[in-house]
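Shown next, in structure tokens, is the structure this report addresses.
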Amino acid sequence: MSGHSVPANAGVWQGAGRRIHLQEVGTRDGLQAESAFVPTADKVALVDALSDAGLAKIEVTAFVSPKAIPALRDAEQVLREIRRAPGVVYSALVPNVRGAERAIESCADELNLVMSASESHNLANLRMLREQSFRALAEVAAVTRGTGVEVNVSLSCAFGCPMEGDVPVQTVLQWCERYVQELGARGVTLCDTTGMAYPTQVAELTAAFRARWPGTELTLHFHNTRGMGLANVLAAIDAGADRFDASFGGIGGCPYAPGASGNVCTEEIAHALTLMGYDTGIDLVRLVAAAGRLPALIGHDIPSQIVKAGRRLDLHPRPAEFESIRQRALEREA
Ligand code: COA
Ligand code: ZN
């Protein structure tokens with residue numbers, strides 16, 4: 001099984017080799033939601049396996065309060081012990097200056113700053129008003145200046161809030177404007193924290209962002225909570241997006257967002273996009289092997305349909321009695 005094999009008819013109608021960057025968030029967004037503490041050595045091995053699988057960026061961990069997210073209390077050690085593959089960006093989520101200092105000290109390539117488009121979710125998740133969060137983000141951005149470490153801002157609930165409902169497009173774009181103009185962020189991630197996004201909405205927001213900030217890295221971060229994850233990815237690609245967060249095994253979910261569940265599954269997205277002729281750079285065999293290690297580590301089954309069903313052309317043997325079935329059918333023909 002070659003991980004890079006592309007079907008003969010791939011790209012005939014769609015991808016035509018267009019590069020789509022898949023960014024792994026399973027070791028952060030995924031493991032933060034787990035009650036089991038995955039041992040540090042296993043986390044390091046998972047990140048190394050993900051590097052080998054060809055991910056463009058890996059959000060390795062989060063430098064948050066160990067009381068808030070005990071599952072990631074070993075952030076320093078993980079980031080220090082992973083093997084850095086050339087070309088892969090190793091990022092970490094940070095909520096404040098304290099987190100930024102820890103992450104820079106541990107040689108993160110990029111800091112992923114987070115706040116929410118909705119006041120309620122911002123308060124629930126970060127215990128601050130959005131304006132207070134923005135000021136905290138500005139302090140973090142100031143700390144990174146001159147260090148060579150890049151800043152990305154993730155805007156949670158950009159497609160709706162589980163407590164407030166719809167978030168106006170203008171609200172989302174106004175926050176993006178401030179990240180680009182005032183913080184000098186290299187990238188912005190629009191997060192669908194609880195799977196409220198739907199394809200036409202995604203296309204509208206993606207096109208609006210792309211038109212205003214063509215030079216800013218745009219990432220879409222979907223959760224598959226209502227089964228719309230892959231449809232949203234495809235809608236975003238058609239509207240000009242080329243970067244997606246996803247989580248191997250389909251694990252994940254914000255512990256401070258009611259009803260949250262898994263991210264879109266990296267191997268499902270890579271599998272579908274490869275069939276459609278997009279270049280994801282992913283070695284599916286290696287990625288599926290990495291995801292296959294998760295159930296034993298987190299103590300439960302994972303949502304990944306590819307781990308369950310295999311790839312489209314991973315064929316099954318014919319039934320044992322196949323020859324006699326065929327003989328009987330041929331005899332009826334005679
Ligand atoms: N790293 C380590 N410890 C930190 C920290 C960081 N980046 N930020 C705060 N802390 C510690 C403080 O030292 C303090 O510890 P203490 O109780 O032993 O004194 C404790 O956390 C509370 O700090 P405080 O400044 O009062 O912040 P808070 O209680 O308002 O919490 C957050 C704010 C955002 C730092 C905290 O809630 C958090 O880390 N949340 C995680 C959010 C998250 O990851 N959500 C999912 C992803 S979107
Ligand atoms: Zn998420």
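Atoms within each ligand, like the ligands themselves, are counted from 1 in listed order. Just so you know, residue 1 is the first one in the sequence shown, and it goes up from there. In this text, all values refer to a predicted model and were calculated from it rather than measured experimentally.
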For [Y], is there an ion pair with [X] - N to carboxylate O distance below 4.0 angstrom?
X	Y	answer
Glu81	Lys43	no
Arg18	Asp279	no
Arg326	Glu323	yes

Could you list the atoms of ligand 1 found under 4.0 angstrom from a heavy atom of [X]?
X	result
Gly99	7 (N)
Ala68	38 (C), 39 (O), 40 (N), 41 (C)
Asn125	42 (C), 43 (C), 45 (N), 46 (C), 48 (S)

Within a radius of less than 6.0 Å around CD of Glu105, do more than 12 heavy atoms belonging to other residues, nucleotides or ligands occur?
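Count not over threshold, so no.
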Shortest heavy-atom approach to atom 2 (C) of ligand 1 - which of Arg127, Arg102, Arg73:
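Nearest option to atom 2 (C) of ligand 1, by heavy atoms: Arg102.
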Out of Arg98, Arg28, Met115, Gln32, who gets a non-hydrogen atom closest to atom 3 (N) of ligand 1?
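Minimum heavy-atom distance to atom 3 (N) of ligand 1 goes to Arg98.
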What part of [X], side chain, backbone, both or neither, has a heavy atom within less than 4.0 angstrom of ligand 1?
X	value
Asn96	side chain
Ile69	side chain
Ser65	both

Looking at His221, which of its N, O or S atoms is the nearest one to the Zn ion (ligand 2)?
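Output for this pair reads NE2.
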Any N/O/S atom from Asp29 (main chain or side chain) under 2.8 Å of the Zn ion (ligand 2)?
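It does: Asp29 brings an N, O or S atom closer than 2.8 Å to the Zn ion (ligand 2).
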Within 2.8 Å of the Zn ion (ligand 2), is there any N, O or S atom belonging to His223?
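Given the 2.8 Å cut-off, His223 counts as a ligand of the Zn ion (ligand 2).
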Students often mix this up, so state it plainly: with edges at 30° and 60°, are the rings of Tyr179 and Phe134 parallel, tilted or perpendicular?
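Rings of Tyr179 and Phe134: parallel, as their planes differ by under 30°.
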Is the ring pair His221/His223 parallel, tilted or perpendicular, if the boundaries are 30 and 60 degrees?
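Rings of His221 and His223: tilted, as their planes differ by 30° to 60°.
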Test salt bridge (charged side-chain N to carboxylate O under 4.0 Å, His left out) on Glu110 and Arg186; report intermediate values, then the result.
CA-CA 9 Å; Glu110 183 182 280; Arg186 162 167 78 174; 2.6 Å; yes
Can you find an N or O of Phe63 that's nearer than 3.5 Å to an N or O of ligand 1?
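Looking only at distances, the answer is yes, because the N/O contact criterion of under 3.5 Å is met.
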Heavy-atom contact check, 4.0 Å cutoff: does Pro66 meet ligand 1?
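Yes; Pro66 lies near enough to ligand 1 that a heavy-atom distance drops under 4.0 Å.
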We want to know whether Arg178 and Gln174 form a side-chain donor-acceptor pair, criterion being a heavy-atom distance below 3.5 angstrom.
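Note: Arg178 and Gln174 side chains miss the donor-acceptor criterion.
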With hydrophobic residues grouped by side-chain heavy-atom distances under 4.5 Å, do Leu155 and Leu126 end up in a single group?
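They do share one cluster, since a chain of ILVMFWY contacts under 4.5 Å joins Leu155 to Leu126.
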